[in-house]
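This report concerns only the one structure given below.
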Amino acid sequence: MAPHHFSACMNIVIFDLETTGLSPSENEIIQIAGIRMIGGRIVEEESFATFVKPESRIPRFITDYTGISNAHVRNAPQPANALLSFSRFVGDATLIAHNGNRFDMPFIRENCIRHRLPVRTVGFVDSMSFSRKLWGGRCGHGLDAIMNRLQLSDHGARRHDARGDVKILALAVRQMWEQLSPNFQHCPVALGDGVIPFNPY
DNA sequence: GCTAGGCAGGAACCCCTCCTCCCCT
């Protein structure tokens with residue numbers, strides 16, 4: 001089997017979560033979306049998206065922010081099932097999320113604990129690292145700032161819906177990666193670890 | 001009309017610790 005850091009750059013899943021708030025220990029996941037990128041090519045037809053049914057109601061300000069209402073999640077899978085589906089989609093890919101070191105990965109980890117899901121380790125890269133490496137520490141590294149610098153439009157995607165954000169993030173990652181390592185032969189920023197549910201199938 | 005938790009980078013300083021800001025919903 002190829003070393004982890006090699007396959008890491010070939011098979012990537014860029015993903016995003018929408019939640020009921022900012023605290024991984026207090027708040028709940030309401031949407032997961034992912035899109036695959038192989039060798040720098042975004043594979044649109046290999047996309048993943050699901051709403052997730054939270055135990056509590058979605059606060060009004062979250063519905064205003066994300067466009068996701070209680071009606072959207074009424075018949076959605078429970079968190080454990082949604083996370084297991086996501087894990088199957090991920091396979092042995094390396095994950096990328098924006099500010100995922102502090103937000104998305106802790107949310108997944110907390111949910112695995114909360115719902116007693118066994119976990120497995122996957123490679124993880126925070127896409128903010130690409131921006132810091134390219135543009136340094138003085139400018140902003142939020143997705144909006146990166147979109148502006150790359151002159152990326154939202155391509156009609158709805159911002160703050162995971163399906164829209166993940167498409168935009170994939171384009172941004174592809175461009176930033178290309179500027180740092182044009183052949184996509186290696187990952188130009190630090191590769192870390194994360195956990196997602198272990199899926200027995 | 002509204003909220004909250006924490007990593008990483010930089011400074012100051014010699015190797016860690018502290019601080020502040022950022023960014024995600």
Side-chain angles (χ1 to χ4, degrees), chain A residues 12-35 48-73 76-77 79 82-83 86 94-115 121-150 152 154 157-173 175-176 180 187-196:
Chain A
I12 300 283
V13 166
I14 292 155
F15 82 103
D16 185 45
L17 303 179
E18 305 304 320
T19 69
T20 58
L22 291 179
S23 169
S25 57
E26 302 295 325
N27 298 123
E28 298 183 85
I29 297 170
I30 55 176
Q31 189 187 30
I32 308 171
I35 188 163
F48 176 92
T50 184
F51 289 113
V52 184
K53 187 180 176 66
E55 288 178 6
S56 53
R57 291 180 61 80
I58 299 173
R60 176 60 182 273
F61 74 96
I62 292 292
T63 296
D64 292 342
Y65 186 70
T66 64
I68 301 169
S69 68
N70 288 295
H72 286 106
V73 299
L83 284 166
F86 178 63
T94 292
L95 293 173
I96 295 184
H98 203 61
N99 199 35
N101 261 331
R102 289 181 263 191
F103 186 77
D104 303 83
M105 297 313 290
F107 251 102
I108 291 180
R109 190 172 60 234
E110 283 294 319
N111 267 268
C112 289
I113 295 168
R114 194 181 302 162
H115 301 289
T121 302
V122 290
F124 171 73
V125 174
D126 193 322
S127 44
M128 280 211 309
S129 310
F130 289 94
S131 177
R132 287 206 185 92
K133 186 152 187 175
L134 271 174
W135 295 296
R138 293 210 317 277
C139 58
H141 300 291
L143 192 50
D144 286 318
I146 293 173
M147 285 174 70
N148 284 332
R149 284 197 291 272
L150 293 174
L152 272 179
D154 56 20
R158 192 198 196 286
R159 286 300 317 277
H160 306 300
D161 179 302
R163 294 165 296 191
D165 278 357
V166 92
K167 279 185 192 171
I168 292 163
L169 182 59
L171 292 170
V173 166
Q175 284 199 32
M176 292 189 291
L180 290 165
C187 183
V189 296
L191 174 63
D193 281 336
V195 296
I196 59 175

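Note that this is a predicted model, so its numbers are computed, not measured. Order of the sequence lines fixes the chain letters, A, B, ..., with proteins taken first and strands second; residue numbering starts at 1 for each chain.
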- Taking salt bridge (Lys or Arg N to Asp or Glu O under 4.0 Å) as the test, write out the residues that go with Arg60(A), two or more places apart. Asp64(A)

Expressed as a whole number of Å, how far does the [atom1] atom of [N] sit from that of [M]?
N	M	atom1	answer
dC7(B)	dC15(B)	P	26 Å
dG10(B)	dC16(B)	C1'	14 Å
dC24(B)	dA8(B)	C1'	14 Å
dG6(B)	dC2(B)	P	24 Å
dC13(B)	dT3(B)	P	38 Å
dG1(B)	dA11(B)	C1'	39 Å
dC18(B)	dC14(B)	P	14 Å
dT25(B)	dA12(B)	P	33 Å

- Sugar-phosphate only, base, or nothing, as touched by Asp126(A) at under 4.0 Å among non-hydrogen atoms: nothing

- Query: With a 4.0 Å cut-off on heavy atoms, is Asp144(A) in touch with a base, just the backbone sugar-phosphate, or nothing at all?
  - Reply: nothing

- Message: Does dC22(B) have OP1 or OP2 under 4.0 Å away from a side-chain N or O of Asn99(A)?
- Response: no

- Message: On the nucleotide dT25(B), are OP1 or OP2 found under 4.0 Å from the side-chain N or O atoms that His160(A) carries?
- Response: yes

- Task: Under 4.0 Å from any atom of DNA chain B, heavy atoms only: list the residues of residues 50-57 of chain A that qualify, in numerical order.
- Result: none

- Task: Residues of residues 59-72 of chain A with any non-hydrogen atom less than 4.0 angstrom from an atom of DNA chain B: list those, numerically ordered, please.
- Result: Phe61(A), Ile62(A), Tyr65(A), Thr66(A)

Without decimals, in angstroms, what is the distance between [X] [atom1] and [N] [atom2]?
X	N	atom1	atom2	result
Met128(A)	dT25(B)	CE	P	11 Å
His141(A)	dA8(B)	NE2	C1'	11 Å
Asp193(A)	dC7(B)	CG	P	16 Å
Leu17(A)	dC23(B)	CG	P	19 Å
Leu143(A)	dC22(B)	CG	C1'	14 Å

With a 3.5 Å cut-off and sequence neighbours excluded, list the donor-acceptor pairs that the side chains of residues 12-22 of chain A form with protein atoms.
unit_1	atom_1	unit_2	atom_2	d
Glu18(A)	OE2	Ala162(A)	N	3.4
Thr19(A)	OG1	Gly21(A)	N	3.2
Thr19(A)	OG1	Gly21(A)	O	2.4
Thr20(A)	OG1	Glu28(A)	N	2.9

- Considering residues at least two apart in sequence or located in another chain, which fulfil the side-chain contact (heavy atoms from CB on, under 4.5 Å) criterion with Asn148(A)? none

- Secondary structure of DNA chain B per the Watson-Crick/G-U criterion (both distances under 3.5 Å; [ ] crossing, | other strand, . unpaired) is ....((.((((.....))))..)).

- Does the gap between the ring centers of Phe107(A) and Phe103(A) come in under 6.0 Å? yes

- Message: Could you measure the distance from the NZ atom of Lys53(A) to the CD1 atom of Ile58(A)? Nearest 0.5 Å is fine.
- Response: 9.5 Å

- Item | Gap separating the CE atom of Met128(A) from the CE atom of Met176(A), nearest 0.5 angstrom | 10.5 Å

- Query: dG5(B), dC23(B), dA8(B): which one has an atom nearest the side-chain heavy atoms of Asn101(A)?
  - Reply: dA8(B)

- Arg102(A), nearest nucleotide to its side chain (from dC22(B), dC23(B), dT25(B)): dC22(B)

- Message: Is any side-chain heavy atom of Arg149(A) closer than 4.5 Å to one of His141(A)?
- Response: yes

- If each of Arg132(A) and Phe103(A) is mapped to the nucleotide of DNA chain B with the nearest heavy atom, which maps nearer the 5' terminus, i.e. the 5' end? Arg132(A)

- Message: So does His160(A) get a backbone contact from the side chain of Asp165(A), meaning a donor-acceptor N/O pair under 3.5 Å?
- Response: yes

- Query: Looking at Thr94(A), Val125(A), Leu180(A), Ile96(A), which one forms a side chain to side chain contact (heavy atoms under 4.5 Å, CB included) with Cys187(A)?
  - Reply: Val125(A)

